[in-house]
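Working notes, beginning with the structure itself.
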Amino acid sequence: MIVLHATTLQTVHLSSQTDFPAWRDAARRLATNDIPPADIVWNVGESDDLFADDASLPEVAPQVALNVPREFIDRAEAVICHSDPARFALLYRILVRLRADPNLLKIASDPDVMKLNEMEKAVRRDIHKMRAFVRFVEIGEGEDARYAAWFEPDHFIVERNAPFFVRRFTGMKWAILTPKGTAEWDGESLTIGPPASKADAPAADATEDLWLTYFTNIFNPARLKVKAMQAEMPKKYWKNLPEAALIPDLIRGADRAAREMIERMPTLPAPHHAKVQEKYWSAKEATAAPEAPAGSLDEARRQAEGCRRCPLWRDATQTVFGEGPHDARIVFVGEQPGDREDIAGKPFVGPAGKVFNDVLDEAGIDRRITYVTNAVKHFKFEPRGKRRIHFKPNVVEVLACRWWVEQELGLIQPDLAVALGATAALSLLGRAIPVTKLRGEVLTRDDGLRVFITIHPSFILRISERADAEAERTRFVEDMVAVRKLMAA
Ligand code: URA
């Protein structure tokens with residue numbers, strides 16, 4: 001005899017395609033009541049499933065532990081933006097399985113994990129593409145100027161991606177219209193709205209013409225290789241890019257000059273960089289310049305994380321604040337974080353940092369008892385192809401960042417500061433000085449702080465003649481020996 005057990009389906013109604021809080025709440029209730037994945041129907045909006053039980057979901061079962069790794073939550077928040085309707089069930093299935101096997105996510109060959117990885121990658125790629133291919137068209141002029149863009153994402157990424165555009169275009173009023181939702185920024189608040197149709201998007205205008213001219217001048221598909229270009233700029237995006245109308249012609253005739261130009265064109269940041277940047281900013285509030293200095297170094301560091309005192313925060317990955325004991329007797333000041341420091345969030349960890357560490361070692365200074373910082377806390381660079389080329393900060397940027405340097409000095413109260421190069425000297429002294437001439441000298445500031453002047457370690461890295469570089473390095477070691485003696489004095 002076959003016994004049929006009637007199963008009651010549980011229906012979850014999510015208010016939107018990316019309603020993660022509702023998914024999480026429902027998943028918690030269902031999982032703690034051991035409701036199997038197969039018994040759940042996941043709906044967005046009103047239910048039209050005749051077989052679904054519309055009764056409200058069970059309460060979270062008391063005393064049932066549901067420990068979910070943070071990694072899963074972070075990834076689920078991204079995956080919920082995928083357009084596959086099966087994602088809600090997949091996430092729930094993984095959640096249930098994680099209870100039995102907390103290491104499940106590490107099993108790359110597991111079909112559910114594979115699917116999760118695939119969806120997450122697709123969402124991240126879509127986010128990346130939107131950042132690269134959204135083109136604003138100006139509507140209105142002067143005070144009334146507004147910008148609008150039409151974009152067709154594969155996934156429901158508008159809401160997740162909108163804060164990026166707010167940060168990039170804070171001073172503009174703009175709307176991004178997509179068939180998967182809209183984002184509008186009025187200069188003060190962000191509104192996420194329902195899907196739009198292409199007819200809502202503005203028609204081509206002069207801005208687009210300008211863009212066409214620009215593109216004709218710099219684009220060279222011969223260099224890009226059509227396959228590589230399509231991978232980066234898939235054909236489906238072409239129809240919304242004004243410049244794409246030119247692509248077939250450009251593929252036919254490209255010359256060497258244009259080839260060199262395209263090499264200098266900025267490309268997208270490496271996905272890893274974009275990921276670090278996104279993670280950093282999703283946890284930060286932008287801080288307008290605080291009125292009063294911080295009461296402690298930790299507070300100053302926290303405030304500096306959201307600093308917008310100059311425009312360098314826009315492209316940098318994160319603020320790189322100083323590091324070291326808060327009662328250090330010596331403070332080293334460099335110029336600005338480089339590519340590696342920008343990603344790591346720590347000063348002097350890249351190639352110049354290696355020279356610096358080795359030289360300190362040779363001179364008998366333990367870096368761990370020193371405080372190391374930079375005159376400018378954000379990486380300034382120029383994108384060239386896939387590389388980010390260091391760009392010297394200007395006086396305005398250095399002076400804007402003195403707000404932080406002076407707080408570091410004031411809170412640490414060191415006996416000695418070392419200016420590593422001209423930018424550091426400008427920051428520490430408030431005026432430009434000839435570093436090569438004054439190298440090895442100690443200048444005393446009005447507040448009594450002694451400042452030792454020397455070169456920046458990256459100067460040694462830029463010398464191509466080996467013997468010259470070696471000689472310069474020896475001089476730098478001598479400078480550091482002098483610094484050690486001053487520390488002891
Ligand atoms: N150069 C600097 O001036 N600072 C760093 O942190 C790295 C390179």
Side-chain angles (χ1 to χ4, degrees), residues 273 276-277 280 297 300-301 304-305 307 310 312-313 315-325 328 330-361 365 367-368 370-384 387-409 412 414 416-429 432-433 435-436 439 451-463 469 472-473 476-477 479-480 483:
H273 166 225
V276 177
Q277 190 179 39
Y280 178 83
L297 265 187
R301 165 190 285 275
E305 285 174 350
C307 180
C310 80
L312 294 184
W313 65 271
D315 294 322
T317 304
Q318 56 190 313
T319 303
V320 179
F321 206 69
E323 226 181 41
I330 180 163
V331 170
F332 286 96
V333 182
E335 184 198 63
Q336 62 164 350
D339 185 79
R340 297 274 285 279
E341 288 79 13
D342 170 75
I343 299 289
K346 290 167 175 294
F348 283 103
V349 293
K354 165 116 182 57
V355 174
F356 179 60
N357 289 345
D358 291 349
V359 167
L360 283 194
D361 233 25
I365 299 174
R367 176 168 168 174
R368 289 169 306 179
T370 73
Y371 186 88
V372 179
T373 192
N374 281 300
V376 170
K377 313 288 189 220
H378 282 122
F379 179 34
K380 181 174 182 181
F381 61 93
E382 216 180 65
R384 296 240 186 98
R387 300 177 59 213
R388 303 188 299 166
I389 308 295
H390 161 275
F391 212 73
K392 195 176 157 66
N394 63 34
V395 177
V396 174
E397 290 148 358
V398 175
L399 297 184
C401 219
R402 276 188 100 202
W403 171 260
W404 303 117
V405 178
E406 286 304 311
Q407 286 193 60
E408 289 175 297
L409 295 171
I412 295 171
L416 183 70
V418 178
L420 300 166
T423 304
L426 169 65
S427 171
L428 284 165
L429 302 168
I433 56 148
V435 168
T436 22
R439 177 175 187 177
V451 179
F452 184 92
I453 309 295
T454 184
I455 55 148
H456 191 282
S458 65
F459 174 59
I460 298 168
L461 292 172
R462 288 197 300 271
I463 303 175
E472 198 49 66
R473 189 176 181 285
F476 191 41
V477 174
D479 281 353
M480 290 304 117
V483 164

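Counting starts at 1 for both ligands and their atoms, following the listed order. What you see is a predicted model; the values in this text were computed from it and never measured.
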Looking only at protein heavy atoms, which one is nearest to atom 4 (N) of ligand 1, and what is the separation?
N374 OD1, 2.7 Å
Below 4.5 Å, heavy atoms only, C-beta onward: do V405 and K377 meet side chain to side chain?
yes
Distance-only polar pair, side chains of H378 and E397, donor-acceptor under 3.5 Å:
no
Looking at non-hydrogen atoms alone, which of R340, E341, E335, E323 comes nearest to atom 7 (C) of ligand 1?
E341
Give the atoms of ligand 1, by number and element, whose distance to some non-hydrogen atom of G334 is under 4.0 Å.
3 (O)
Would you kindly specify which portion of Q336 sits under 4.0 Å from ligand 1, judged on non-hydrogen atoms: side chain, backbone, both or neither?
backbone
Is the shortest N/O to N/O distance between F348 and ligand 1 below 3.5 Å?
yes
Inspect the contact between R388 and D315 and indicate whether a charged nitrogen and a carboxylate oxygen are less than 4.0 angstrom apart.
no
Counting N and O atoms only, with roles assigned by atom type, does the side chain of E323 sit under 3.5 Å from a partner on the main chain of V372, one being a donor and the other an acceptor?
no
At less than 4.0 angstrom from any non-hydrogen atom of H456, what atoms of ligand 1 do you find?
1 (N), 2 (C), 3 (O)
Of the options F356, Y371, F348, which is the one that meets F332 in a ring-ring contact (aromatic ring centres under 6.0 Å, His included)?
F356
